[in-house]
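What follows is a single structure, written as structure tokens, with notes after it.
Proteins get letters first, then strands, A, B, ... in listed order; numbering begins at 1 in each.
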Amino acid sequence: MVSDIKKEFLQNKENKIIKGNEAAAYAAKSSRVQVISAYPITPQTTVVEKLSEFVDQGLMPGTQYIKVESEHSVMASMVGASMTGTRTFTATSGQGLFYMNEMLHWVAGTRLPIVMAIASRGPAPPWNIWADFTDVLSQRDTGWITSFCATHQEIYDEILMSYKVCEDHDILLPKFVAYGGFILSHTSKPIIIEEQALVDEYLPPLPDEKGWPHIFIDPERPMMFGNLIMPSGFYYEFRMKIHETMMRAKEKIMIAAKQFERMFGRNYGNGLIQNYKMDDADVAMLIYGDLAFQMEEAVDQVREEGYKIGMVKLRHFRPFPVEEIIEIAKKVQVLGVMDRGTAFGSPTGGPISSEVKTALHNTEKTAKILPMISGLGGREVTIDQQKDQLKILIKMNETGELPKDLLYGTLWHGKLEVK
Amino acid sequence: MSNTEKWKDINKSREKRPLVQVYKNWKELPPIPISFPIEGSIGSTGDWRIFRPIINQEGCNRCGICWMYCPEGTIKKKEDGSFDIDLQYCKGCGICAKECPTKNIEFKREDDLNGE
């Protein structure tokens, strides 16, 4: 994939060497977003900074750029903007995302297709601004579709795919596009910025003056929303509908990924997960975010030593790809689940590994699961460490025994130890 | 049936759309709860009232300040220029009594009126 990008990059003058955050900004520009609301927070700041430059230079004609006083107001103004029937975009990180929390529920409950880039960082205290997905994973139950990006190009591509899925009239849900703070947000790589005409063809048309089909602000068709519903009313059923829509979104995500590949030539598995050398693997690692990109290299190196190992990149956390994970767990003998994030007190301590175990409940003859955690708060995870992680899985497969230094069943890999 | 088609009724203009939509089950529901502005869509809010405003028609100079200030639009202007309070929806907030410049709106406890 890397060499393909290089070849394509050299052919096209439009392509750029830019940072991950700038890739998110370029994606918003390519998507012709109409309203951007912004409040700076490290490591996300350069996303909205770049967008303010675009708006200032007149590169995004007609786009409204709103400056507000807090993240809560960012999301509140996004709700107002999206209700009028506009394509909206914003970005945030860590504590800023937590401050938005109330409005995040409001967005999903109002079914507004807002897309938000998240340069993930570790939650404070102690203060931390480096890659850790606990921020976005802790927003698990807000009703937002959640995806992770592993490469710079994927940030750009995923934001385009997000509008395709979210604005589908059968879905209408908001989406987080998360990527590791600094590791992707502040490093530069060559990125293919697609031609505007192609992007316009791929994306659904911008909403017209009639707005979204279910909500609009129009004096000719007045309506009241955000109503109070008594327990005997349909509250329960409206919540049920969000879950049902989320599950249906899986299919739309797969279609969006397939159409994306046909149009732009970049493959992202089935959209929900992406397999790497899984065809003959009997040991596999499920991993997400930037660590997955480096893990491809580690898998290659371990394979050179003669082990049949594969990797599964989790692209979507909500909706959770249950069927795909069951299929993988039936095929391999040992499945490691690597988290870069925490869920304190959960069955495994890792947010994704808990989900994987839940997904496999009631399925017989599945792989042994080893929940693993590494790279919290931006702690460096080297290729050698990743090879070590893979070898732990291989050893587990050979001996049938769990590694020894587990903390309540989970391997916390790469912790500091002074000898 | 696509969702767009299912919700086409709510997209019609004020005159054309149905005032009440009946849903048999959760699958028929639109994605979010909405309501259309009609008189008394939340019920007879007059039931909430503790105090009742009573206009003294003889002293009233018909300035219309109460009519302008009423937050619920329950004060109606009659053809002869006098004002009447719709007690089915008046919540008894007392703003009209407070704002009346000639102090001709009395504010009485409902219990003391004995259902008059």
| message | Just so I understand: if I count every heavy-atom pair under 4.5 Å between each of A/Y236, A/Y235, A/F238 and chain B, which residue has the most? | response | A/F238
Crowding at [atom1], [X] (>12 non-hydrogen neighbours, <6.0 Å):
X: B/M68; atom1: CE; result: yes
X: A/E261; atom1: CD; result: yes
X: B/K76; atom1: NZ; result: yes
X: A/L198; atom1: CG; result: yes
X: A/E237; atom1: CD; result: yes

| query | Out of curiosity, B/L29 CG to A/M240 CE, how far, rounded to the nearest 0.5 Å? | reply |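 These two atoms lie 10.0 Å from each other.
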Can you tell if the side chain of [X] reaches within under 4.5 Å of the side chain of [Y], non-hydrogen atoms only?
X: A/F234; Y: B/P33; result: no
X: B/I34; Y: A/M224; result: no
X: B/P31; Y: A/H214; result: yes

| task | Kindly give the heavy-atom pair with the smallest separation between B/K27 and A/K241, and that separation in Å. | result | O-NZ, 3.5 Å
